[in-house]
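Reminder, nothing fancy here: chain letters follow the sequence lines and each chain counts from 1.
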Amino acid sequence: MTASKDTISARLLEWYDVHARTLPWRAPPGESSPDPYRVWLSEVMLQQTTVAAVKPYFAKFTERWPTVDDLAAAPEQDVMVAWAGLGYYSRARNLVKCAAAVKKLGGFPETEEELLKLPGLGAYTAAAVAAIAFGQRAVVVDANVERVVSRLFAIEEPLPGSRKTIRVKTDGITPDRRAGDFAQAMMDLGSGICTTRDPKCLLCPLSSDCQALKNDNPARFPIKAPKKIKPVRQGTAYWIERDGAVWLEIRQGTGMLGGMRSLPDDGWHSGGDGDGAAPVDADWEQLGLVRHTFTHFSLEMSVLRTSIQSDLAERIGQWWPVAEIDDAGLPTLFAKAARLVLARG
DNA sequence: CATTCGTGGCT
DNA sequence: TAGCCAAGAAT
């Protein structure tokens, strides 16, 4: 694109220079480039996650691990505990792998192509880091850009089929210079002006460019394919107490909640109910039900409690002091169960 | 290309 | 309130 004054990118950047949000991972105005480590960390945390949810985690991570080498030196379980509650835990597992890879490389690669090879960086994040941290021209497409571009060009084809068209259109309006600022400007616009519901078209710097606004109702875009309904699964979690400690295990594999500390359960999963089989033969007290909705299914999880004197044979885990349960790094589902248990006394 | 991955906030 | 949605990646 040319840098002429009357382009979409020029109008957007002019708006951004005045209205950019101040965010912890952005370089202060006037400072050269943001720290690639902070850009990468924030971008991974922000995948499918709101700015408000990310802020406290970003603060915690950067205080504890100020550099990518610090993070690479951290035990994986420490990172998983620190990530607990943020969701999509494959991000945390890949974060550790990526930090090690970057340490080995002696720093972050600076091109989109090389960044794409790192674990946890897909098309979006590789482009975002290349543009924001290294000043490369890259076509950055996230959910905000999809919404803004769908409206700008009144794209009638529904997502996700329209992704190819959206990429081409985004490429067409991405400037050669300040591609990183352009990407962040699109996100700020999508966050505050070109919102999903009730877009603030009167305040939009691109209103004169917007085909959707010209023709009909911008809120109609992007058109989306209908969603599938979520099945409801039944399951059980088991609270086993001994001498003021509760039995916790670590979920194996790369599947749901993999690598996260948890209560023993009866094998419930996205595809089916649990079998109701308790981990030990004991007197179980029914404490209540925890309802939790994941991305693709809902779970009604019974919480059962018992006390035992013996050890647990044939199981891998640890006795965790009940008084310190908040430090165990339980994902939210099991944190809810723990809350229920403690509330019952 | 479709599915599997969390969670909290919003309306 | 029940559903919708958010700076997506991996398979």
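Thr293(A) comes within contact range of at least one nucleobase, with a heavy-atom separation under 4.0 Å. Looking at heavy-atom distances under 4.0 Å, Met187(A) makes contact with a base. Leu121(A) comes within contact range of the sugar-phosphate backbone alone, with a heavy-atom separation under 4.0 Å but no base atom that close. Using a 4.0 Å heavy-atom distance criterion, Trp25(A) is classed as a base contact. Within the 4.0 angstrom heavy-atom criterion, no nucleotide atom of any strand lies near Ile132(A). Across all strands shown, Thr332(A) has heavy atoms under 4.0 Å from sugar-phosphate atoms exclusively, and none from any base. Gly258(A) comes within 4.0 angstrom of no nucleic acid atom, judged by non-hydrogen atoms across all strands. Gly255(A) comes within contact range of the sugar-phosphate backbone alone, with a heavy-atom separation under 4.0 Å but no base atom that close.
The side chain of Lys227(A) lies closest to dC5(C) when the candidates are dC5(B), dC5(C), dG8(C). Looking at the side chain of Thr295(A), the nearest of the listed nucleotides dG6(B), dA7(C), dT4(B) is dG6(B). The listed nucleotides are dT4(B), dA7(C), dG6(B); the one nearest the side chain of His296(A) is dT4(B). Residue Thr125(A) has its side chain nearest to dA9(C) when only dA6(C), dA7(C), dA9(C) are considered. The side chain of Thr196(A) has dC5(C) as its nearest neighbour among dA7(C), dG6(B), dC5(C). The side chain of Lys228(A) approaches dT3(B) more closely than any other nucleotide in the set dG6(B), dA7(C), dT3(B). Listed nucleotides: dA7(C), dT7(B), dT4(B). Nearest to the side chain of Ala143(A): dA7(C).
Within the 3.5 Å criterion, the main-chain N or O of Met45(A) finds a donor-acceptor partner in the side chain of Arg91(A). Looking at Lys336(A), its side chain never comes within 3.5 Å of a backbone N or O of His292(A) through a donor-acceptor pair.
For the contact set between residues 92-103 of chain A and DNA chain C, defined by any heavy atom under 4.0 Å, the members are Asn94(A).
As rounded to the nearest Å, dG6(B) and dC5(C) have C1' atoms that lie 13 Å from one another. The same atom, C1', is picked in dA7(C) and in dA2(B); the two are 23 Å apart, to the nearest Å. The separation of dG8(C) from dC1(B), taken at their C1' atoms, amounts to 16 Å, rounded to a whole angstrom.
Atom CG in Leu118(A) sits roughly 15 Å away from atom C1' in dA10(C) (whole-Å rounding). We find that CZ of Arg197(A) is positioned 7 Å from P of dC5(C), with the value rounded to whole Å. Nucleotide dG6(B) holds its C1' atom 19 Å from the CZ atom of Arg291(A), rounded to whole Å. Here the C1' atom of nucleotide dA9(C) and the CH2 atom of Trp40(A) are 14 Å apart, to the nearest Å. The CE atom of Met186(A) sits 14 Å away from the P atom of dA6(C) (whole-angstrom rounding). Rounded to whole Å, the distance from CZ on Phe294(A) to C1' on dT3(B) is 16 Å. Taking atom CG of Leu159(A) as the reference point, atom C1' of dG8(C) lies 13 Å away to the nearest angstrom. At whole-Å resolution of the value, CD in Gln47(A) and C1' in dT4(B) are 15 Å apart.
Side-chain atoms of Tyr88(A) and base atoms of dG6(B) include a donor and an acceptor less than 3.5 Å apart. The base of dA7(C) does not come close enough to the side chain of Arg91(A) for any donor and acceptor atom to sit less than 3.5 Å apart.
Residue Gln286(A) qualifies as enclosed at atom CD: its count of foreign heavy atoms under 6.0 Å is above 12. Other residues, nucleotides and ligands contribute over 12 non-hydrogen atoms within 6.0 Å of the CG atom of Asp311(A). Summarising the local packing, CG of Asp281(A) is surrounded by 12 or fewer heavy atoms from other residues, nucleotides or ligands at distances under 6.0 Å.
Across the interface with DNA chain C, nearest-nucleotide mapping of Thr50(A) and Ala123(A) shows Thr50(A) to be the residue nearer the 5′ end. Sequence order on DNA chain B of the closest nucleotides to Pro160(A) and Gln48(A) puts Pro160(A) first from the 5' end.
A salt bridge links Asp216(A) and Arg220(A); the closest N-O separation between the charged side-chain nitrogens and carboxylate oxygens is under 4.0 Å. Under a 4.0 Å N-O distance rule, the pair Glu14(A)/Arg11(A) does not qualify as a salt bridge. A salt bridge between Asp70(A) and Arg64(A) is absent, with no side-chain N of the basic residue lying under 4.0 Å from a carboxylate O of the acidic one.
Ring planes of Trp40(A) and Phe108(A): tilted class, angle from 30 to 60°.
For Thr254(A), no side-chain nitrogen or oxygen approaches OP1 or OP2 of dA10(C) to under 4.0 Å. Applying the 4.0 Å criterion to OP1 and OP2 of dG6(B), one finds that His292(A) has every side-chain N and O outside that range.
Rounding to the nearest 0.5 angstrom, the gap separating the OG1 atom in Thr236(A) from the CG atom in Leu263(A) is 11.5 Å.
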